[in-house]
Amino acid sequence: MQDFTRKIGQNRGNARVWIEHKALTLEGWIRGTRYDVTKTQCGKGFETGYLVLTRSPNGARKVCGKEGKHPIIDLTSKELSTILAPSGIVSVVVTPELIMVKYIGQTEKGIQEGRLYA
C-alpha cells in the first residue's frame with residue numbers, strides 16, 4: 001500500500017486531481033489498466049466524501065500516460081466537484097485493487113498543524 005497527498009486543481013470550473021506517482025507503478029496501476037470510479041458521500045458537504053477507483057477489466061476509464069513514462073490518472077468532472085472541495089489537499093491511498101481519494105484539508109500548513117476537515 002502506498003499513500004501520498006495531492007493538491008486539488010481546477011479545470012473549466014471543476015475540481016481536478018492529477019495522480020502521477022511511482023506509487024501507481026509499484027502497485028500495478030500501469031498505462032492501460034482499466035478501472036471504475038465510484039463516489040461515496042458519508043454526509044452533507046465535500047468534507048465527508050471520497051472517491052474509490054476500483055480495478056476492473058471492463059472498467060469505463062483507463063490509466064493514461066506515454067509509453068515508458070509514469071502512469072497518469074486525471075480525475076476531473078462536475079461529479080468530482082460535489083465530493084471534493086474546489087481547492088485544498090487530498091489523501092491518495094493506492095493498493096493493487098483500488099485507489100481511494102479523500103479530501104483532507106485546505107492547506108498543507110493546516111494539515112501539518114492538525115486542522116483537518118475530514
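Quantities reported herein were computed from a predicted structural model and do not represent experimental measurements.
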So which heavy atom on [X] is nearest to which on [Y], and how close?
| X | Y | answer |
| --- | --- | --- |
| Ser91 | Ile104 | CB-CG2, 3.7 Å |
| Leu24 | Ile19 | CD1-O, 3.6 Å |
| Arg16 | Asn11 | CD-CB, 3.9 Å |
| Val94 | Val92 | CG2-CG1, 4.0 Å |
| Trp29 | Thr54 | CH2-C, 4.2 Å |
| Thr76 | Ala15 | OG1-O, 3.3 Å |

Can you give the donor-acceptor pairs under 3.5 Å from side chains of residues 63-72 to other protein atoms, not counting sequence neighbours?
residue : atom : partner : partner atom : Å
Glu67   : OE1  : Arg31   : NH1          : 2.5

What's the spacing between [X] [atom1] and [Y] [atom2] if we round to 0.5 Å?
| X | Y | atom1 | atom2 | result |
| --- | --- | --- | --- | --- |
| Glu27 | Thr95 | CD | OG1 | 6.5 Å |
| Lys39 | Leu51 | NZ | CG | 9.0 Å |
| Ser56 | Glu97 | OG | CD | 10.0 Å |
| Ile99 | Gln2 | CD1 | CD | 11.0 Å |

* May I ask whether Met100 and Trp18 are part of the same hydrophobic cluster, defined by side-chain heavy atoms of I, L, V, M, F, W, Y residues being less than 4.5 angstrom apart, directly or through others? => no
Exercise for the section: Answer yes if Phe4 and Val90 sit in the same cluster of Ile, Leu, Val, Met, Phe, Trp and Tyr residues linked by side chain heavy atoms under 4.5 Å apart, and no otherwise. Expected result: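 Linked within one cluster.
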- Answer yes or no: is there a side-chain heavy-atom contact under 4.5 Å between Ile73 and Tyr35? yes
* Asked: Does the side chain of Val101 reach to within under 4.5 Å of the side chain of Arg6, using non-hydrogen atoms?
  -> no
Suppose we screen for salt bridge (charged side-chain N to carboxylate O under 4.0 Å, His left out). Which residues come up paired with Arg55, at least two apart in sequence or across chains?
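Counting only residues at least two positions away or on another chain, Arg55 forms no salt bridge (charged side-chain N to carboxylate O under 4.0 Å, His left out).
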**Q.** Expected output: side-chain Asp36 to main-chain Ala60 donor-acceptor under 3.5 Å
**A.**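 At least one qualifying donor-acceptor pair exists.
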**Prompt:** Counting heavy atoms not belonging to Leu26, are there more than 12 under 6.0 Å from its CG?
**Reply:** yes
Q | Derivation and outcome, side-chain contact (heavy atoms from CB on, under 4.5 Å), residues Leu53 and Leu75 | A | CA-CA 10 Å; Leu53 286 60; Leu75 300 171; 4.1 Å; yes
